[in-house]
S.K.: 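Right, I'll just put the structure down here and ask away after.
Everything numeric here is computed off the predicted structure, so don't read it as measured data.
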Amino acid sequence: MTTAHTAGGTVGRTAGRVRRLLALPLLGVLLAGCGIRATQVPTDFGGAPSRVPCSLAGPDLSTQSSHGVPVQVFLLCASSLVTVDRTVQVPDGTPDARRRVIVAQGLLDQLAASPSAAEKAAGYSTYVPGGMSVTGPGPTDPEDTLRLSTAPGRLASYALAQLVCTLSDSAAAEGDGSVILGGPDAGPLRRYECTDDVRSRPGNTPPPSSGVTKS
């Protein structure tokens, strides 16, 4: 009787273990079907993604006027130069030579202005100081020269990159991707270029430049 009872208990325990082992694959299938995967590694996906920098939802009407010449200026965002739309006021019938200076001054003013609330929220900023003025060429300067009230070499690297890329890509320059800049009075002139490297790394890559001979 004792032997039979022991044998029966052993058989029962063995059958129970077999049933549990057979149930494990079935449990795995059920979990997979529910989209649940067992894991021993804790997961932490962090918070919700923040707003993408340098991305404006639409035209920022607060920085634009219904009248004027459409232009683009380069602001700093995510350590790169990014264009934004602006307008510059130019009176009808303005001669071309004077028009260039008016456009250049308007661009300087737009660069020096504080970005709008929407632009600030998207990460835009400017390094161009306020109060700068621009004039046309001196008596011995090439006709497409722009002279700034602050010598270009005295500007911060970001500010110079913003100015060069904005002016060289505008009606204030020859349209060949370069611009001749000088300081006040009869100081030396240099021709500056806006390159892809300057636009992508304005703080580390100064605009390429070369000396300009006066007549």
S.K.: Counting only N and O atoms by type, is there a donor-acceptor contact under 3.5 Å from the side chain of E119 to the main-chain atoms of S116?
M.R.: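 At least one qualifying donor-acceptor pair exists.
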
S.K.: If hydrophobic clusters are built from ILVMFWY residues whose side chains come within less than 4.5 Å, do L181 and L107 share one?
M.R.: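 Same cluster: L181 reaches L107 through Ile, Leu, Val, Met, Phe, Trp or Tyr contacts under 4.5 Å.
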
S.K.: Under the side-chain contact (heavy atoms from CB on, under 4.5 Å) rule, what do I180 and L146 come out as? Steps first, then yes or no, please.
M.R.: CA-CA 6 Å; I180 297 178; L146 294 172; over 6 Å; no

S.K.: Could you state the interatomic distance from OG1 (T94) to CZ (R98), rounded to the nearest 0.5 Å?
M.R.: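 Here the rounded value is 8.0 Å.
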
S.K.: What distance do S55 atom OG and Y124 atom OH have between them, rounded to the nearest 0.5 Å?
M.R.: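 Those atoms lie 7.5 Å apart.
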
S.K.: Please table the atom pairs, donor to acceptor, closer than 3.5 Å between any side-chain atom in residues 71-78 and protein atoms at least two apart or in another chain.
M.R.:
| from | atom 1 | to | atom 2 | distance (Å) |
| --- | --- | --- | --- | --- |
| Q72 | NE2 | D85 | OD1 | 3.2 |

S.K.: Applying salt bridge (charged side-chain N to carboxylate O under 4.0 Å, His left out), name anything that partners D141, two or more places apart in sequence or on another chain.
M.R.: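 Result, salt bridge (charged side-chain N to carboxylate O under 4.0 Å, His left out) vs D141: R147.
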
S.K.: Begin from the C-alpha positions of Q162 and T126 and carry the test side-chain hydrogen bond (donor to acceptor under 3.5 Å, both in side chains) through to its verdict.
M.R.: CA-CA 8 Å; Q162 285 183 257; T126 184; 3.0 Å; yes

S.K.: What I want to find out is whether D196 reaches R199 closely enough, with some N-O distance under 4.0 Å, to be called a salt bridge.
M.R.: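 Salt bridge: yes.
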
S.K.: Hey, are the side chains of P91 and I102 touching, using non-hydrogen atoms and a 4.5 Å cut-off?
M.R.: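 Yes - at least one pair of side-chain heavy atoms lies under 4.5 Å apart.
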
S.K.: Do K214 side-chain atoms and A186 backbone N/O form a donor-acceptor pair below 3.5 Å?
M.R.: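 Pair found, side chain donor or acceptor close to backbone of A186.
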
S.K.: Hey, any chance L111 and V69 share a hydrophobic cluster, counting ILVMFWY side chains that come within less than 4.5 Å of each other, even indirectly?
M.R.: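 L111 clusters together with V69.
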
S.K.: Taking C-beta and beyond as the side chain, do P152 and L148 meet within less than 4.5 Å on heavy atoms?
M.R.: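 Contact flag for P152/L148 side chains = yes.
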
S.K.: Evaluate R100 against D144 for side-chain contact (heavy atoms from CB on, under 4.5 Å), listing each step before the verdict.
M.R.: CA-CA 9 Å; R100 289 181 58 253; D144 55 340; 3.7 Å; yes

S.K.: Would a 4.5 Å heavy-atom cut-off, applied to side chains only, mark L160 and P206 as touching?
M.R.: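 No - every pair of side-chain heavy atoms lies 4.5 Å or more apart.
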
S.K.: Any chance you could measure D109, atom CG, to Q89, atom CD, to the nearest 0.5 Å?
M.R.: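 One gets 11.5 Å once the value is rounded to the nearest 0.5 Å.
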
S.K.: Can you name the closest pair of heavy atoms from S80 and P202 and give their distance?
M.R.: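 Taking every non-hydrogen atom into account, CA-CD, 4.0 Å.
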
S.K.: Return the minimal non-hydrogen interatomic distance between A159 and Y127, and the atom names on each side.
M.R.: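 For A159 versus Y127, the nearest heavy atoms are CB-O, 3.5 Å.
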
S.K.: Which heavy atom of S149 sits nearest to which heavy atom of G131, and what is that distance?
M.R.: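 Here S149 and G131 meet closest at OG-O, 4.3 Å.
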
S.K.: Should the heavy atoms of other residues, nucleotides or ligands under 6.0 Å from CG of D96 be counted, would the total exceed 12?
M.R.: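 Counting neighbours around CG of D96, 12 or fewer heavy atoms of other residues, nucleotides or ligands fall under 6.0 Å, so no.
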
S.K.: Consider only side-chain heavy atoms of I, L, V, M, F, W and Y, link residues closer than 4.5 Å, and tell whether V164 and L108 are in one cluster.
M.R.: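 Per the 4.5 Å side-chain linkage, V164 and L108 are co-clustered.
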
S.K.: Indicate if V90 and V134 have the same hydrophobic cluster label, given that clusters are the connected sets of ILVMFWY residues with side-chain heavy-atom separations under 4.5 angstrom.
M.R.: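 In one cluster: yes.
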
S.K.: Yes or no on side-chain contact (heavy atoms from CB on, under 4.5 Å) for V179 and E193, after CA distance, side-chain angles and deciding distance?
M.R.: CA-CA 7 Å; V179 61; E193 297 180 45; over 6 Å; no

S.K.: Heavy atoms only: give me the nearest T195-P208 pair and the separation to one decimal.
M.R.: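 Closest approach of T195 to P208: CG2-CG, 3.8 Å.
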
S.K.: Testing the basics here: between A104 and A172, what is the closest heavy-atom pair and its distance to 0.1 Å?
M.R.: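 For A104 and A172, the tightest heavy-atom pair comes out as CB-CB, 3.9 Å.
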
S.K.: May I have the step-by-step check of side-chain hydrogen bond (donor to acceptor under 3.5 Å, both in side chains) for K120 and S125, ending in yes or no?
M.R.: CA-CA 7 Å; K120 287 180 179 179; S125 62; over 6 Å; no

S.K.: Heavy atoms only: give me the nearest V198-A161 pair and the separation to one decimal.
M.R.: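 Closest heavy-atom pair between V198 and A161: CG1-CB, 3.9 Å.
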
S.K.: Determine whether D176 and R191 make a side-chain contact, defined as any pair of heavy atoms from C-beta on separated by less than 4.5 Å.
M.R.: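 They are in side-chain contact.
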
S.K.: Can a donor-acceptor pair be found, under 3.5 Å and without considering hydrogens, that links the side chain of S168 to the backbone of S178?
M.R.: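 Pair absent, no side-chain N/O of S168 close to backbone of S178.
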
S.K.: Hey, does L155 have a side-chain heavy atom less than 4.5 Å from the side chain of P129?
M.R.: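 Result yes, sub-4.5 Å side-chain heavy-atom pair found.
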
S.K.: Taking side chain as C-beta onward, heavy atoms only, is L167 less than 4.5 Å from V103?
M.R.: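 No, side chains not in contact.
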
